[in-house]
Asker: 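Please find one structure pasted underneath; my questions will follow.
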Amino acid sequence: MSTLTIRTDAEVERALETLTREGMSRSEAARAAILEAERAHRRRRLRAEAESLRDDPEDVAASRELALEMDAIRAR
């Protein structure tokens with residue numbers, strides 16, 4: 001495991017105090033924050049990709065065509 005050194009300001013120190021008051025260590029709080037930030041980043045990227053596909057007329061047409069084909073297969 002590697003070590004990360006960060007500079008904190010008053011706002012971060014207050015947040016750390018709140019988190020550590022209930023038993024979480026500063027390291028645990030930092031790790032949890034980094035993991036949550038990465039998850040949020042991933043969700044934003046996936047949302048942007050989904051919106052891009054939703055707004056792509058060619059992709060929408062292909063999706064509708066596939067849905068019609070699947071309906072035809074189910075009807076057999």
Side-chain angles (χ1 to χ4, degrees):
M1 185 180 299
S2 64
T3 301
L4 172 67
T5 303
I6 63 169
R7 288 186 176 88
T8 61
D9 58 17
E11 182 181 14
V12 172
E13 286 298 326
R14 280 190 300 276
L16 282 168
E17 171 61 31
T18 300
L19 293 170
T20 56
R21 191 177 311 132
E22 297 178 2
M24 181 181 281
S25 72
R26 291 170 67 92
S27 290
E28 289 169 330
R31 284 191 295 271
I34 290 167
L35 291 173
E36 179 54 35
E38 189 274 332
R39 286 183 199 106
H41 176 73
R42 189 173 351 125
R43 284 190 299 268
R44 283 191 302 273
R45 280 191 4 249
L46 290 172
R47 186 178 307 111
E49 183 180 342
E51 289 171 356
S52 174
L53 292 172
R54 179 195 66 200
D55 297 338
D56 182 336
E58 289 179 16
D59 190 63
V60 171
S63 294
R64 288 185 178 145
E65 184 177 327
L66 179 59
L68 291 172
E69 290 175 17
M70 296 303 292
D71 288 343
I73 290 170
R74 279 192 292 269
R76 294 182 191 169

Asker: Backbone N or O of A48 within a donor-acceptor pair of the S52 side chain at under 3.5 Å?
Answerer: no
Asker: Quick one: list whatever passes salt bridge (charged side-chain N to carboxylate O under 4.0 Å, His left out) with D71, sequence neighbours left out.
Answerer: R74
Asker: What is the minimum heavy-atom distance between V60 and L53, and which atoms define it?
Answerer: CG2-O, 4.1 Å
Asker: Mind checking who shares a hydrophobic cluster with M24, ILVMFWY linked at side-chain heavy-atom distances under 4.5 Å?
Answerer: L19
Asker: Per the salt bridge (Lys or Arg N to Asp or Glu O under 4.0 Å) rule, what does the pair list look like for residues 25-53, sequence neighbours excluded?
Answerer: E13-R26, E36-R39, E36-R43, E38-R42
Asker: Mind checking whether I73 and L68 sit in one hydrophobic cluster, side chains of I, L, V, M, F, W, Y counted as touching below 4.5 Å?
Answerer: no
Asker: Taking all atoms of both residues into account, what is the closest heavy-atom pair of S25 and T20, and its distance?
Answerer: C-CG2, 3.9 Å
